[in-house]
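The next block holds one structure in the form of structure tokens; read it before the comments.
For this chain, numbers begin at 1 and follow the sequence in order.
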Amino acid sequence: MDETISRVIAELEELRHHDIRSDPQPPPLSLQSLLDLQSLLDDSHNGNESEPLDRLYDELSSKNLSPSLLIQPIATAMDSGPANVSLAASKVYLSLLLSPNAPVFTLFTPMSFLSFLRSIRRSLKHVVGGQSNPDEPTTDSQSAAHRKRKLGGRGKASRKNARNSLDNDSGEDCKFDARVLLTVLEKLVLVMDLIHLDRFPDSLKSLVQTMADVPVLALELCRNVGQYSQLANTCLRVLREVLRPEHGDPDNTAAEVLKSLSPLILMPKSQARTFALGFVTSQIMSLTKVSDGVKKAVINFPRYLTHKAPDKSEPRALAVESVMEIVGVMALEDQIGFVKFVMQMAHGKSNLRLLAVDLILNLVTSLKDPLGVNSENEVEEPWGMCCLEALVKRCSDVSAAIRARALSNLAQLVGFLSSDVKCVAVLKKFMESVIVRDQNVDAGINNILRRRCMDDKAAVRKAALLLATKLTTLLGGAIDEVVLKTMGMACSDPLISIRKAAIGALSEAFKTFSDKTVITEWLHSVPRLITDNESSIQEECQNLFLELVLERISQAASATSNSGSMHNTSVKGKSVDTEMEDLFPEGVLYLLRAICDREVTPWVKKICTNLGKKKQLKNKLVAALINIIKLSESIWLSQPLPIEKWIAPPGAWFLLSEVSAYLSKAIDWEFLHHHWQLLDKNAILGECKSTFDPGDAFVEEENSEPNSAAWASDRVFLLQTISNVSLELPSEPAADLAHNLLKRIEEFNMHSTEVDAHVKALAMLCKRKASNLEEAEGLVMKWVHQVLLRASKIIEKFISEHSEKSSEGSFFTPPRSGSRRDRKAVALSKSLPEAITAIYTIGTLVVVCPSADMSTVVPLIHTIITSGSSDPKSNKLLGSANSLKQTAPSLYIQGWLTMGKLCLVDGKLAKSYIPLFVQELEKSEFAALRNNLVVMMADFCVRYTALVDCYIPKITRCLRDPCEIVRRQTFVLLARLLQRDYVKWRGVLFLRFLLSLVDESEKIRHLADFLFGNILKVKAPLLAYNSFVEAIFVLNDCHAHNGHKEGSGKDGRLFFIRGNDENSRSKRMHIYVSLLKQMAPEHLLATFAKLCAEILAAASDGMLNIEDVTAQSVLQDAFHILACKEIRISSTRLSTSESADIEEEAGTDNGAASRGKAITQVVKKGLIQNTVPIFIELKRILESKNSPLIGSLMECLRVLLKDYKNEIDDILVADKQLQKELIYDMQKYEAAKAKVTVAAAKPKSSAHRSPEASSETLAKTQEQSKLKDKNESSKKVASAMADAAAAATARAVLREVNKGTGTPPLSSLGVPKVKSRTIVSSSISDRRPDVIESLRKRQSFDSDDEN
């Protein structure tokens, strides 16, 4: 012990002679001395004896050394040296303070305490290899050098040993030891009882910050979970000690502690975050009961965290979670106070509004009784209602991210609160009565949903659909019909997630509220997605149809099957429809009727086919449909009513025909045979006419008269069912049925739809009953030849009779008349329906049996389709004879249809007749024929692509057909061909398709918007950009463009929108805007450059004649396009993918975004530098010609000055004279424009009106004189107002250009010296005479400061 004390005293004596002037920092105590001191302190502490320390202090006193002399070298050792030396010095320092009878006030100094805190930080920042923090200097060698210089020979050995000890330690591969640091921190907890930091606020603040940083810094270094827990808990114990009154005011200390813990609480999930939250919610929260200051700090802490919350999605969510964990342990009144604070946040900046939206969701779901339904005392306005109202308001926020999050959170709240029965009534009442401002209009929840479902941002649309789904459950289906329509439109959204959300919303409405409106909208929106490109959507569509439609029909019909015998004794007086509605559950019969809609049936067929192939159709469905038909028949007979007038429920036979192909064994032949005899018997008896319209196939008559269309449709579907189950039929009934079908076909008195069904059913019976394929083909060929022969005779007979009738009237003058001719006309009219059915049957037979011999039929059809041709020779021979085209247009149209079917199976025939089809398409006066020809040409394009390719421009002429159906059919067929690459986007095709964007039909406009906005944007993204400038010339019929190939003939004139009237301009601008919306940002910049180079520069260079009317329209359109907002690049259009729009806050590459933004700015600057001179020159030319386009140019220039103010500012800084000219011209233009506006708005005075009576003229002369003076005064006032408005507008523009700096008055600007142009010198000004003249006549405008 004596040796230890001697070594320590000796080193202290050496350190006392340190020269502070040469080196202000004292040398550190050596590691050996630190270890010696620690051993003395440990002995004293363990043995509870103060003798070793007393001897040390006595030795210090005998050497005239103060105990405080120990602190300086220990502090230096804590500040310098390796981590193990620094921690050893810290341990010694704390042990000294804890030693018995230690002079604490002498040993404790703020500087030494700060050194101790720094040593803790350095130990945690230690890097493997013994290197300290690179930011802190290594002073070991420096201090050793100082000691060597200053000290003499006495004690050299000890100094050398101390230096070597530190150097060797610094070179060791030291590793972090949590146990050493833990020991130091435990001693610090004990020291906190001895020292009072209220006198040292800086030390207190540093201690709090260090203890808050230790858990964070130790995360990576301390791998042992147990040790880390001990380390973090010890730090929190220190912070708990800090909150004692002897260390300062608890109010300020608690605020400082919470502030230092906020980074831990806001960091990602970790042990440090968990410890910090636990400390706040348990230990600090317990102090709030005894200290109002701590309570105030805790109450304000969540508010502080909201302001420090990060902007990114995941960290913000963790911040909200942390805030809610703290708020959850507060008292009720404090929680309500925080709710009020969140309500204020909802009206703050965008980041605070977004955070408030998230907090509202957590507040309502976490805190108790938000709506006050469980409160004993009635609450006037529960805090939850305020939260819901604020959330509804944020659904109409300016920011798309906030709108989307508010809608999504509101949907979650509706689902959460709907689980409580007491909350449902309050929530429902709130949703039905809430009114907020949306787009400056008072709107309810339905109006908000309607607007948000059509929002520009995909994330908003998706969230709105989710909210609609939840509200449907809450409100019981009472959703606005417009919202339903909007949800149906969302099923066609280009984004997959939006389509899925729309399907879910509509399906939830269907499940909750089976109203006719909901069923109709669902059937028109969801089943069509069976053809979607996304397989998951197809699967979901099938499953929903199976669940909501087929299973509902199955369950409803099966539930009534056991009571079918009771309906024969039904109560008299009930109508059939009423009794049927009462018999079946609500909505089932309407559901069957709705699936028969012509817009729904194609998708129902597709779905049933897919479900049948997957074997998901059940026999229960067939049994249900049969049961519905049987019950309907029994109810009809029970009335009693004649069976001849009975009609099965619409849709029953249709659905049965579709599912019978996969469930053939579930259908009984007796059932089919009974109804076939019933339907066929009535058809033969004449109860069913042949005036069947396929569009009315499922329309029921209101009275009990038989509906021929329904009878015909039932027979068609029954035949399809029979053909589907033909393999299950007995042989003899099948043979009888085939004979019956053939007999009916040969009578040629059926409707075309029935003909198709009969022919296909007969062919199917032959193929399935034959033993092999050859036998089946022979049977089919036999009866096909038989029917063809009979049909050709009927057609030939009709043609000959028609020729005879025409020739009789043409060779006699005057034409013969009488009973004989009348009888022939009547006979001809009776044979016409038979001939029409015969020629249609031929076309059906061609489809069923392509190998049949048609040599005898082709000449007859050729005669029919060429009967309307203008042949001079035939006109001379026949005189005034009428052609079949005029006398029998139906036969004429059916002839073309049948010839098209013949050409589809015969390539040689198609090669000869395709030109005739195109010729007839151009000149035909029948809309039905043009429609059929377009369909045939589309089929030819698939089968004979090379033959039809040259006729595509002729086919596109139908895009401007007078008939809407023909236009829509042409658009749809050509769009399909383009998607399948049978037709290419070349030539005039794209330019002609543009006119569909402004078609008179709303349906065609919607189709065009979808084609250009969704399909072409993905399939041909450069098409809009490449054809944009050419489209401007084509639409205006201007021929000054090299790429303009559209002729000025009849075809070309159909695709022009010439004229400067408002209607034509608005149509052209709609087309331009639609194309601009499809372009990427880089293409928008390139389009801007092309417009300037190919139109504006061409006009300024004289290549475009601006005196031509069409060229003026082109130039005006260019100005409007350059000024429109769609061509401007905004921050929202920097992302080229819509998927980024769905993931509202997905992480992006900031570096790439910054580079892209920088490149965009450079391109924009170069673009404007090249554009402004073109505008200046073009302005001079237009002014010289006094062109009316100067207004459009100045308006465009005004927009450019505002939108590209930063880029133009660089140009104007370099050319101040140009700046003066632009501002002066802008002032003149705005003044003239304002004068016109004021003059137009000023009401006419009575001085300009005619007197009502001449007697009053003299009496009003004086009054008119006064009014005239007043009018002159008004003109002066209007002129002054206009000048002031123009000056204000010009100042506003210039202020934006100059980035907010004020604009000096023109009177204060120096007037340029103007030299005479007659003097020839080397310094002749290059300014134009008109510019100089304008400067001489400049007006004086006051600046903003002068005003």
Any S752 side-chain heavy atom under 4.5 Å of T841 side chain: no
side-chain contact (heavy atoms from CB on, under 4.5 Å) between M487 and W522, worked out: CA-CA 9 Å; M487 290 159 60; W522 189 90; over 6 Å; no
Residue pair K760 / Q720, side-chain donor-acceptor N/O under 3.5 Å: no
Sub-4.5 Å side-chain heavy-atom contact between M854 and L788: yes
Over 12 non-hydrogen atoms of neighbours within 6.0 angstrom of CG in L637: yes
Min side-chain heavy-atom separation L506-V526 under 4.5 Å: yes
Atom pair CG (L550) and SG (C608), whose distance is rounded to the nearest 0.5 Å: 5.5 Å
Geometric cation-pi criterion K901 and Y840, 6.0 Å radius, 45° cone: yes
Distance flag, aromatic centroids of F1010 and H1006, threshold under 6.0 Å: no
Distance-only donor-acceptor check, side chains W653 and S713, under 3.5 Å: no
For the student: nearest non-hydrogen atoms of A624 and S554, plus distance: CB-CA, 3.7 Å
Short N-O contact, K743 and E747, less than 4.0 angstrom: no
Test of ring centre spacing under 6.0 Å for F917 and W896: yes
Polar side chain donor-acceptor pair, T844 to D756, under 3.5 angstrom: yes
E746 and Q786: side chain donor to acceptor below 3.5 Å: yes
S792 (side chain) donor-acceptor with V857 (main chain) under 3.5 angstrom: no
R976 and F971, any side-chain heavy atoms less than 4.5 Å apart: no
CD-CG distance between E658 and N724, expressed to the nearest 0.5 angstrom: 8.0 Å
Contact check, side chains of N931 and T970, non-hydrogen atoms, under 4.5 Å: no
Heavy-atom check, side chain of W636 versus side chain of I647, under 4.5 Å: no
Exercise: identify the closest heavy-atom pair between A648 and S632: CA-OG, 4.3 Å
Within 6.0 Å of NZ in K516, more than 12 heavy atoms from elsewhere: no
H674 atom NE2: more than 12 heavy-atom contacts under 6.0 Å: yes
Over all atoms of both residues, closest heavy-atom pair of C541 and L529: SG-C, 4.2 Å
Pairwise distance NZ(K1003) to CZ(R967) - rounded to 0.5 angstrom: 12.5 Å
Which atom of P889 lies closest to which atom of F926, heavy atoms considered: CB-CZ, 3.7 Å
Return a table of donor-acceptor pairs under 3.5 angstrom between the side chains of residues 530-538 and protein atoms on other chains or two or more places apart.
residue	atom	partner	partner atom	Å
T531	OG1	R528	O	3.0
D532	OD1	R499	NH2	3.1
D532	OD1	E534	N	2.8
D532	OD2	R499	NE	2.9
D532	OD2	R499	NH2	3.4
E534	OE2	S536	OG	3.0
S536	OG	K500	NZ	3.2
Q538	NE2	D532	O	2.3

Closest approach of I667 to I626 (non-hydrogen atoms, all atoms of both residues): CA-CD1, 4.5 Å
Heavy-atom side-chain contact between D714 and F654 under 4.5 Å: no
Donor-acceptor contact below 3.5 Å, side chain H758 vs main chain E754: yes
Sidechain-backbone polar pair: H524 side chain, T520 backbone, donor-acceptor under 3.5 Å: yes
Residue pair I839, I864: steps toward the side-chain contact (heavy atoms from CB on, under 4.5 Å) verdict: CA-CA 10 Å; I839 197 170; I864 295 174; 3.7 Å; yes
Intermediate values then yes/no, side-chain contact (heavy atoms from CB on, under 4.5 Å), Q542 and L546: CA-CA 6 Å; Q542 293 177 18; L546 181 64; over 6 Å; no
Pairwise distance CD(E732) to CG(L737) - rounded to 0.5 angstrom: 13.5 Å
Distance, nearest 0.5 Å, that separates CG of L672 from CD of E670: 9.5 Å
T609/K613 under side-chain contact (heavy atoms from CB on, under 4.5 Å): CA gap, chis, key distance, verdict: CA-CA 6 Å; T609 302; K613 291 179 179 178; 3.7 Å; yes
Flag side-chain contact, heavy atom, 4.5 Å: I628 against L592: yes
Spatial distance of atom CG (L845) from atom CE (M781) [nearest 0.5 Å]: 11.0 Å
Within the 6.0 Å centroid threshold, strictly below: H675 and W646: yes
S507 and its side chain to side chain contact (heavy atoms under 4.5 Å, CB included) partner, picked from V518, N543, L548, T512: L548
Donor-acceptor pair, side chain of T898 and main chain of Q894, under 3.5 angstrom: yes
Nearest heavy atoms of V600 and L523, plus distance in Å: CG2-O, 3.7 Å
